[in-house]
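Inspection log for the structure reproduced underneath, given as structure tokens.
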2 protein chains.
Amino acid sequence: MKQKKQTACIRVFANEKQLNSCKRRMEELRDPLGSVASALNLAGNEVRLKMLFLLKEEGELCPCDLSDILSMSVPAVSQHLRKLKDGDLVTTKKIAQTVFYALTPESEILLQPHFDFFTNQTVKSAL
Amino acid sequence: MKQKKQTACIRVFANEKQLNSCKRRMEELRDPLGSVASALNLAGNEVRLKMLFLLKEEGELCPCDLSDILSMSVPAVSQHLRKLKDGDLVTTKKIAQTVFYALTPESEILLQPHFDFFTNQTVKSAL
DNA sequence: GGGGTATTTAAGCATTTGCTTAAATACTTA
DNA sequence: TAAGTATTTAAGCAAATGCTTAAATACCCC
């Protein structure tokens, strides 16, 4: 709630000094927060979250397996995997012409609570 | 790696039965996984993650405070808040013409590990 | 070398996203 | 009632996204 241009909200940010302090805090967090946002953005696409989950469950999968499971075209799968790889959520291992994708350790840590959440949901609904 | 139309990957999904079993599992998880994806998608936008974090830190804030802190226009802030509210990540309380936004308990649980991650990052880099 | 397989990349398209400006809505006060 | 304040909504625009089809790249085998 703005009173005047010189002061901000009565309730929370009563003066400019407090506002600037808060801004500085956000500036300090800019890079780490940005990298979390980036990872969440990647995981927040339903197709990609499914892929990440399947990679967690199976350990590693190739694009054509993911294509079969998810009933999607191979190029579509590949484009999503490319984003995950560029975002450091997955790693690749090539054997002949087959590429296997797997979660990075970091992405596993980041995503485990969310996988737990929706796998626990299913268990609960079965009870 | 596809061998024939009738069988899938040699390495992981060696037959159609296994593939169908995996597909069924994904279908069971469709709704809970979808709702997690939806929340992550909302949080995965940098502006919105900043808002969610600020709401966690301050407890509640109005659009004009968020506008000041983030140096964004009020309508832009409002549009993001609308998405967060529709996605059940925030709740609203109105006092006169001022609306205060706050995290829902569920979003707090979902996001806390991520907030911890990037606030701990900052602490570590300060040491 | 040719043919086959697996994957990636390119290009095009429709849809979605996030910002801006303007207008509308909801509230308070003189 | 008019003026002021806070917020939401509408509309428009440029950019981004995710899919498709086609082409290119990388590998294997006869």
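Sequence lines set the chain letters: A, B, ... in the order given, protein chains first and strands last, and positions in each chain run from 1.
Shown here are the side chain to side chain donor-acceptor pair (under 3.5 Å) partners of A:E106, two or more places apart in sequence or in another chain: there are none. Scanning for ring pair (Phe, Tyr, Trp, His ring centres under 6.0 Å) contacts around A:F53 gives A:F115, A:F118, with sequence neighbours left out. For B:K94, there are no side chain to side chain donor-acceptor pair (under 3.5 Å) partners, not counting sequence neighbours. Evaluation of the salt bridge (charged side-chain N to carboxylate O under 4.0 Å, His left out) rule for A:K56 yields A:E108 as partners, not counting sequence neighbours.
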Can you tabulate the close N/O pairs, meaning under 3.5 Å, that link protein atoms to atoms of nucleotides 15-19 of chain C?
unit_1: C:dG18; atom_1: OP1; unit_2: B:N45; atom_2: ND2; d: 2.7
unit_1: C:dG18; atom_1: OP2; unit_2: B:R48; atom_2: NH1; d: 3.3
unit_1: C:dC19; atom_1: OP2; unit_2: B:H80; atom_2: NE2; d: 2.4
unit_1: C:dC19; atom_1: N4; unit_2: B:Q79; atom_2: OE1; d: 3.4

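Between D:dT9, D:dT7, C:dT7, one nucleotide has an atom nearer to the side chain of B:P75 than all others, and that is D:dT9.
Computed from coordinates, the B:R82 CZ to D:dA10 P distance equals 8 Å when rounded to whole Å. Distance B:Q97 CD to D:dT9 P: 16 Å, rounded to the nearest Å. Between the CG atom of A:D68 and the P atom of C:dA6 there is a distance of 10 Å, rounded to whole Å. Atom NZ in B:K93 sits roughly 13 Å away from atom P in D:dT7 (whole-Å rounding). The distance from atom CG of B:D86 to atom C1' of D:dT8 is 12 Å, rounded to the nearest whole Å. Per the geometry, CZ belonging to B:F100 stands 13 Å off C1' belonging to C:dC27, to the nearest Å. One can place NZ of A:K94 at 8 Å from C1' of D:dC27, the figure rounded to the nearest angstrom. Taking atom CG of residue B:L70 and atom P of nucleotide C:dT20, one finds them 12 Å apart after rounding to whole Å.
For the atom pair NE2 (A:H80) and CD (A:E46), the distance works out to 10.5 Å, reported to the nearest 0.5 Å.
Each end of the helix from C:dG1-D:dC30 to C:dA30-D:dT1 gets its own axis from five base pairs, and the two axes differ in direction by 10°, given to 10 degrees.
A sub-4.0 Å separation between OP1 or OP2 of C:dT8 and a side-chain N or O of A:Y101 is present.
A pairwise comparison of heavy atoms in A:S67 and A:S73 identifies OG-C, 4.2 Å as the closest pair.
In terms of modelled atom types and a separation under 3.5 Å, the side chain of B:R48 and the main chain of B:A43 share no donor-acceptor contact.
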Yes or no on side-chain hydrogen bond (donor to acceptor under 3.5 Å, both in side chains) for A:S38 and A:S35, after CA distance, side-chain angles and deciding distance? CA-CA 5 Å; A:S38 177; A:S35 76; over 6 Å; no

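Within the 4.5 Å cutoff, the side chain of B:R25 has heavy atoms near those of the A:T119 side chain.
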